There are 2 protein chains.
Amino acid sequence: MFSKACEYGIKAAIFIAVNSSENNRVSPKEISEEIDSPQAFTAKILQALVRNHVIKSVRGAHGGFEIAKDKIATTKLSEIVYAIDGDGIYKGCGLGLHTCNENHPCPVHDKFKVVREELREMLENTSLEQLALDIKAGVSFLKI
Amino acid sequence: MFSKACEYGIKAAIFIAVNSSENNRVSPKEISEEIDSPQAFTAKILQALVRNHVIKSVRGAHGGFEIAKDKIATTKLSEIVYAIDGDGIYKGCGLGLHTCNENHPCPVHDKFKVVREELREMLENTSLEQLALDIKAGVSFLKI
DNA sequence: TATAAATAGGATAAATTTATCCTAAATAAA
DNA sequence: TTTATTTAGGATAAATTTATCCTATTTATA
Ligand code: FES
Ligand code: FES
């Protein structure tokens with residue numbers, strides 16, 4: 001469904017949100033250990049999230065990754081997915097036609113569109129805050 | 001969402017269904033032209049569909065690929081997706097945890113599960129016959 | 001039986017995604 | 001200002017997916 005990069009990006013963002021809510025910056029090393037992902041690859045994904053203004057990085061001693069507290073509640077999963085995987089999952093044809101077009105639909109267009117919209121709404125309505133709270137409460141998990 | 005192989009496999013199966021309903025066997029060459037896919041790669045995917053008993057192949061002169069007429073109505077998209085991409089899309093964790101487990105859920109489990117079930121139901125309730133009829137009627141398309 | 005037509009399948013290559021390594025640049029603090 | 005720490009980013013490699021090529025096998029028919 002999502003690329004590995006996107007899976008890592010989502011989990012990393014949640015972990016950063018958990019920590020930023022406690023005024024704690026985190027490093028790629030900590031992140032990759034907590035979400036069980038390859039460190040250098042994860043660092044690349046974090047760069048992409050920084051470039052797309054999803055998270056913030058602070059270089060140098062005492063640096064690390066963080067999310068502004070007021071952004072935790074407003075940042076939606078869709079922004080992370082969009083920053084890493086692009087909008088193909090929202091807009092692309094399920095059978096790979098060049099464009100998904102009502103006037104030139106693929107065989108599954110009507111049915112696929114419904115599922116795709118459901119996914120889009122889910123991603124657009126789910127905030128980092130919601131997900132981070134569950135991690136804090138110990139009712140959801142980032143690895144294994 | 002689906003792999004290229006799976007996209008080609010679905011489109012190929014629909015095209016074969018359209019032709020088998022008119023007692024017409026088709027070759028990888030015809031198929032790949034009609035669905036705009038690489039011929040040799042498409043041939044491999046057709047082999048997989050034959051091995052999984054989704055379609056039937058007839059070797060030798062006057063051979064080609066076909067689907068038994070009575071299978072066109074009973075064959076669901078889910079069988080094709082399963083034969084090519086496996087069950088990851090139905091059962092796998094959206095964030096890549098080793099297993100999707102109610103008792104050890106990832107942060108998006110509850111929300112993701114809903115979308116995944118919707119997709120599964122769509123695939124399990126959509127038959128090749130429905131899709132082939134739209135192609136025949138010229139209201140849906142296999143390429144461009 | 002010989003030939004032509006057609007799928008099966010092995011070997012290989014290209015492209016993309018995933019992953020690693022090393023150095024540069026920035027920053028805080030001694 | 002020097003040093004230690006930390007992210008940025010280029011280069012490269014490994015793994016996977018996608019794609020191609022060639023030969024083997026099967027089958028209908030002349
Ligand atoms: S045309 Fe294929 S999903 Fe819309
Ligand atoms: S545990 Fe991630 S989707 Fe169920």
Side-chain angles (χ1 to χ4, degrees), chain A residues 1-13 15-16 19-20 24-33 35-67 81 83-86 88-89 92 95-96, chain B residues 1-13 15-16 19-20 24-33 35-67 81 83-86 88-89 92 95-96:
Chain A
M1 183 82 80
F2 305 117
S3 67
K4 277 286 162 200
C6 196
E7 291 177 2
Y8 298 154
I10 292 171
K11 289 188 278 193
F15 181 66
I16 294 167
N19 279 274
S20 286
N24 192 21
R25 283 181 192 146
V26 287
S27 67
K29 182 160 182 294
E30 291 175 84
I31 295 169
S32 58
E33 279 165 0
I35 73 176
D36 194 24
S37 68
Q39 181 177 331
F41 186 48
T42 305
K44 298 286 189 202
I45 297 159
L46 293 168
Q47 283 178 36
L49 292 178
V50 169
R51 275 195 299 272
N52 284 276
H53 310 104
V54 174
I55 59 179
K56 198 186 137 195
S57 69
V58 181
R59 284 177 166 199
H62 300 129
F65 294 92
E66 63 180 37
I67 304 186
V81 173
I84 300 172
D85 279 352
I89 205 166
L95 294 187
Chain B
M1 183 81 78
F2 304 117
S3 67
K4 276 286 162 200
C6 197
E7 291 176 3
Y8 298 153
I10 291 171
K11 288 188 279 194
F15 181 66
I16 294 168
N19 279 275
S20 287
N24 192 21
R25 284 182 191 145
V26 286
S27 67
K29 182 160 183 290
E30 291 175 84
I31 295 169
S32 60
E33 279 167 1
I35 73 176
D36 195 23
S37 67
Q39 182 177 330
F41 186 48
T42 306
K44 299 286 190 203
I45 297 159
L46 293 168
Q47 283 178 35
L49 292 179
V50 169
R51 275 194 299 272
N52 284 276
H53 310 105
V54 174
I55 59 178
K56 198 186 136 195
S57 69
V58 179
R59 285 178 163 197
H62 300 130
F65 293 91
E66 63 179 38
I67 306 188
V81 174
I84 300 172
D85 279 352
I89 205 166
L95 294 187

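Proteins get letters first, then strands, A, B, ... in listed order; numbering begins at 1 in each. The model shown is predicted, which means the values in this text are computed figures rather than measured ones.
Side chains of T42(A) and S37(A): a donor on one and an acceptor on the other come within 3.5 Å.
Going from atom CZ of F41(B) over to atom CG of L46(B) covers 11.0 Å, rounded to the nearest 0.5 Å. From Y8(A), atom OH reaches atom NZ of K44(A) across 15.5 Å, with rounding to the nearest 0.5 Å.
Residue contacts shown for R51(A) are limited to sugar-phosphate atoms, with no base heavy atom under 4.0 Å away.
Residues F65(B) and N19(B) are not in side-chain contact: their nearest non-hydrogen atoms beyond the backbone lie 4.5 Å or more apart. Considering only heavy atoms from C-beta on, L49(A) comes within 4.5 Å of I84(A) through its side chain. When side chains are defined from C-beta on, E7(A) does not count as touching I35(A), because their heavy atoms never get closer than 4.5 Å.
Of all heavy-atom pairs spanning K11(A) and L95(B), the tightest one is NZ-O, 2.8 Å. Here the shortest heavy-atom pairing between R25(A) and G64(A) reads CD-N, 4.0 Å.
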Mind listing the N/O atom pairs, protein and nucleotides 4-7 of chain D, below 3.5 Å?
| from | atom 1 | to | atom 2 | distance (Å) |
| --- | --- | --- | --- | --- |
| dT5(D) | O2 | A61(A) | N | 3.2 |
| dT6(D) | O4' | G60(A) | O | 3.1 |
| dT6(D) | O2 | G60(A) | N | 3.3 |
| dT7(D) | O3' | S57(A) | OG | 3.2 |

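The backbone N or O of S27(A) lies less than 3.5 Å from a partner atom in the side chain of E30(A), making a donor-acceptor pair. Put simply, the side chain of D85(A) gets close to the backbone of S3(A): a donor and an acceptor are under 3.5 Å apart.
With rounding to whole Å, I55(A) atom CD1 is found 13 Å from dA8(D) atom C1'.
Taking every nucleotide of DNA chain C with any atom under 4.0 Å from a non-hydrogen atom of chain B, the first and last of them, 5' to 3', are dA5(C) to dA11(C).
The stretch residues 35-43 of chain A has no heavy atom under 4.0 angstrom from DNA chain D at all.
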